[in-house]
Amino acid sequence: MTPTASNYELPFDAPMPPSPDLRDCAALLSILDAWVARGWLRRLDRAFARFLYDCEPGTDPQVAVAAALASHQLGHGHVCLDLASTLQNPDEALSLPPEGESALAMRLPSDVLRGLDLPAWRNALADSPLVDVIGEGREARGGSPLVLDGQRLYLRRYWDFERRIAAALRRRLQQPPFEVPGLAQALTQLFGPPADRPDWQKLACAIAARGSIGIVTGGPGTGKTTTVVRLLALLQWSAAGQGRPLRILLAAPTGKAAARLSASIGEQVGRLPVPDPIRAAIPTDVTTLHRLLGSRPDSRHFRYHAGNPLPIDMLVVDEASMVDVEMMANLVDALPDQARLVLLGDKDQLASVEAGAVLGDLCQDAETGHYAEATRQWLEAIGGASLDEAGLQPGDPIRHAMAQQTVMLRHSRRFGAGSGIGQLARAVNDGDAVQARRMLEQSAARQATDVFEVFAPGGDRLDRLLLNGHASADGEGPRGYARYLEIMRHLRPPAGTPADDPAWGAWAQSVLAAFDEFQLLCALRKGDYGVEGLNARVARALLARGLIEQEQGWYEGRPVLVTRNDYALGLMNGDVGIALAVPQGNGGLALRVAFARSDGVAGIRFALPSRLNAVETVFAMTVHKSQGSEFAHTALLLPDRPSPILTRELVYTGITRAKTWFTLIEPAPGVFEEAVARRVRRVSGLVV
């Protein structure tokens, strides 16, 4: 019989008993049960440990606890469990207790693992028939649920994902470069004559044009989309001269990111200095990765895979920092070896919600370049400018193979020299909390086009911000959530407008666009300063103002976020919609949820609320969910105490979602500084 959680959940003033014996299966499972009861572990993590005992009744509890913790780490974005760092500081490495929760009367990981050393833990794992040990002269068992690679413990599936990614990318790096006739002349026509300093967009375009893989990284406004549009023009121009246009597909992780990239490319193509037939050959439709690969409902499998590759010559993936290790493995499997792969993204943004930080792993050398001498000479020749002043470090073509195909864009056009948001983001990214705080405090004295505001959430100031934003007395400036509701009411098509009249779609688009002007971002999901608490607070404030008719259930004006792909409705995780009353064929009004189309087609898609089984209200959104989006005004609400979730990358991502206005809401002093000092470290073993 499995002991209950109460065995290891103690009275408030009870002394903590001695550390449990990790040779005792019942004691271990009891502790895991207590952690599950408190929400520290997922039921899945506990079930995995139980599964090992079912497979091998004599399993050493040291193996079972490692398996449960490896599964737990996946839920926190780590591909594997690093045994050494876990033993060095168990509570911090495992982010337990979660989100700053009290640990009173509970066993901590440091209690459970006390007295265990790395050699003993590794030996216990290596001796288990449930663990496949990589290297050390041992033959792989193949069917074991766990894999031990050095001091990293994987669930087999995730070790396989990393192995497939690394193998596919190595094959690409070993392929001879593509021949692009007239490359230098085409680059000059697209980017202009050489300047005194390096044009990083031109260099990124050149590297991506000649390689089977190209990575373009950089912060907001550095020109990643501009670079790829010119790359597409260059390659289609070259292909037209050979009589065969390239089959190119564009993709992004979410529907919203796909729609933004599609609009941006469509806007830029018309300005390219290329002949009309070349312009017409440049694709502007962007799809989601799930649609690209052909997702199968209720399955992790896709239509396109290694045995049935995509029929394309080139794939461009935007917002690649959001691509997790499983999706990247499926993506490289489905890509023909002869096709180019171009990844675009900001290496400093938060990594994917799911496990892995693939772009960050691949861009470790992006800041310092690490170009081999041959690469550097070629870049200087093709770009027409010396790289001497760029501060790059020399590299080895073998040890820094991926660096030879990576370019970091370094000059932001969205956040120029006078941009306070850009300067603040750079200070945060550099870990300079003192400078970042100084900039926030001196924002009122700055002569800049953007605005900062910092305040604590006491009184009614937060509610006023959420409803009214920064609008001045004459209505100028981005507004809060009252704005989209006013448009919903006052710009509604007149009564009697037929249901099929385009005015309804245009009205829905204007409501969605107004909602996108302002976004409240939270670091946490739970608590008064998390998404759940703030969504309820905003709804109450809007109800009190008479702007919505109810605060729960379905009501006109309710904004919702899709949290799981729905292929039947054509909706993807991350899509945002708003419930609107629209006419039906019988002349009456009924609630339908309006979504901007994300399949490359302009317009609105309406869905029945009853068919949306995986949505949540989205007045407040986690910073993770905001990736791939931008808003005129972003407000970032920090928690009232430090949390492992609160990191430099999270703050940077929250700041850079704002285009012109940024508000920091901090319930307690010092939390901002602690966040800027803490970096995300996604544990993985991806080495190319």
Side-chain angles (χ1 to χ4, degrees), residues 165 167-191 199-217 224-251 265 272 274-275 277-279 281-283 309-318 320 331-344 362-363 366 369 371-384 395 397-398 400-409 688:
I165 294 169
L169 296 184
R170 288 192 195 106
R171 287 197 303 271
R172 294 186 172 280
L173 291 171
Q174 291 166 4
Q175 291 179 8
F178 286 98
E179 293 294 331
V180 184
L183 177 60
Q185 296 88 332
L187 288 170
T188 297
Q189 180 154 350
L190 289 166
F191 291 92
D199 183 336
W200 293 106
Q201 291 184 7
K202 179 190 287 189
L203 299 183
C205 186
I207 277 184
R210 78 166 187 168
S212 293
I213 181 170
I215 299 178
V216 182
T217 187
K224 296 185 291 293
T225 304
T226 299
T227 300
V228 81
V229 169
R230 296 180 186 184
L231 171 65
L232 298 177
L234 185 154
L235 293 177
Q236 288 293 40
W237 205 345
S238 175
Q242 301 173 39
R244 191 181 75 86
L246 296 178
R247 299 166 297 174
I248 300 173
L249 289 181
L250 313 175
I265 291 178
L272 287 172
V274 297
I278 304 305
R279 194 177 290 114
I282 299 172
L310 290 159
I312 60 174
D313 301 305
M314 180 176 180
L315 174 64
V316 176
V317 180
D318 193 24
L331 193 65
V332 296
D333 280 351
L335 196 64
D337 282 346
Q338 72 274 12
R340 289 179 173 91
L341 173 63
V342 178
L343 303 177
L344 310 175
L362 299 180
C363 290
Y371 296 129
E373 185 59 29
T375 304
R376 180 179 177 128
Q377 291 178 3
W378 183 80
L379 288 172
E380 290 181 337
I382 203 76
I398 304 299
H400 303 106
M402 187 57 71
Q404 313 311 304
Q405 297 304 128
T406 303
V407 172
M408 178 175 170
L409 306 182
V688 179

Do the side chain of Q175 and the main chain of S212 share a donor and acceptor less than 3.5 angstrom apart? no
Closest approach of Y371 and T406, non-hydrogen atoms and distance? OH-O, 2.6 Å
When rounded to the nearest 0.5 angstrom, what is the spacing between CD in Q174 and CZ in R171? 9.5 Å
Heavy-atom distance under 4.5 Å between the side chains of V274 and L190, does that happen here? yes
Of all heavy-atom pairs between L246 and A239, which one has the smallest distance, and what is that distance? CG-CB, 3.8 Å
Trace of the side-chain contact (heavy atoms from CB on, under 4.5 Å) decision for M314 with L231: CA-CA 11 Å; M314 180 176 180; L231 171 65; 3.6 Å; yes
Just verifying a value: how many Å separate T188 OG1 and D199 CG, rounded to the nearest 0.5 Å? 10.5 Å
Looking at L187 and C205, what are the two nearest heavy atoms and their distance? CD2-SG, 4.0 Å
Flag side-chain contact, heavy atom, 4.5 Å: V407 against V216: no
Does the side chain of M402 reach to within under 4.5 Å of the side chain of I213, using non-hydrogen atoms? yes
Could you give the distance from CG (L362) to CD1 (I215), rounded to the nearest 0.5 Å? 4.5 Å
To the closest 0.5 Å, what do you measure between CD1 (I265) and CD1 (I282)? 9.0 Å
The single option from D313, I312, L235 that satisfies side-chain contact (heavy atoms from CB on, under 4.5 Å) with R340 is L235
OG1-CG distance between T226 and L409, expressed to the nearest 0.5 angstrom: 9.5 Å
List the atom of Q189, the atom of W237, and the distance in Å for their closest heavy-atom pair. NE2-CH2, 3.2 Å
Heavy-atom distance under 4.5 Å between the side chains of L183 and L234, does that happen here? yes
Could you report the tightest heavy-atom contact between L203 and G383, atom names first, then the distance? CD2-CA, 3.9 Å
Below 4.5 Å, heavy atoms only, C-beta onward: do T225 and L344 meet side chain to side chain? no
Sub-4.5 Å side-chain heavy-atom contact between L272 and I278: no
Look only at the side chain of R172 and the backbone of A339, and say whether a donor-acceptor pair between them is shorter than 3.5 Å. yes
How long is the gap from CG on L310 to CG on L249, to the nearest 0.5 Å? 7.0 Å
Between Q201 and F191 (side chain of the first, backbone of the second, donor and acceptor by atom type, cut-off under 3.5 Å), is there such a pair? no
I'd like to check M408 versus C363 (side-chain heavy atoms, cut-off strictly below 4.5 Å). Are they in contact? no
I want to check something: taking the side chain as every heavy atom from C-beta on, are Q242 and P181 in contact at a cut-off of under 4.5 Å? yes
Any donor-acceptor pair under 3.5 Å from Q404 side chain to A372 backbone: yes
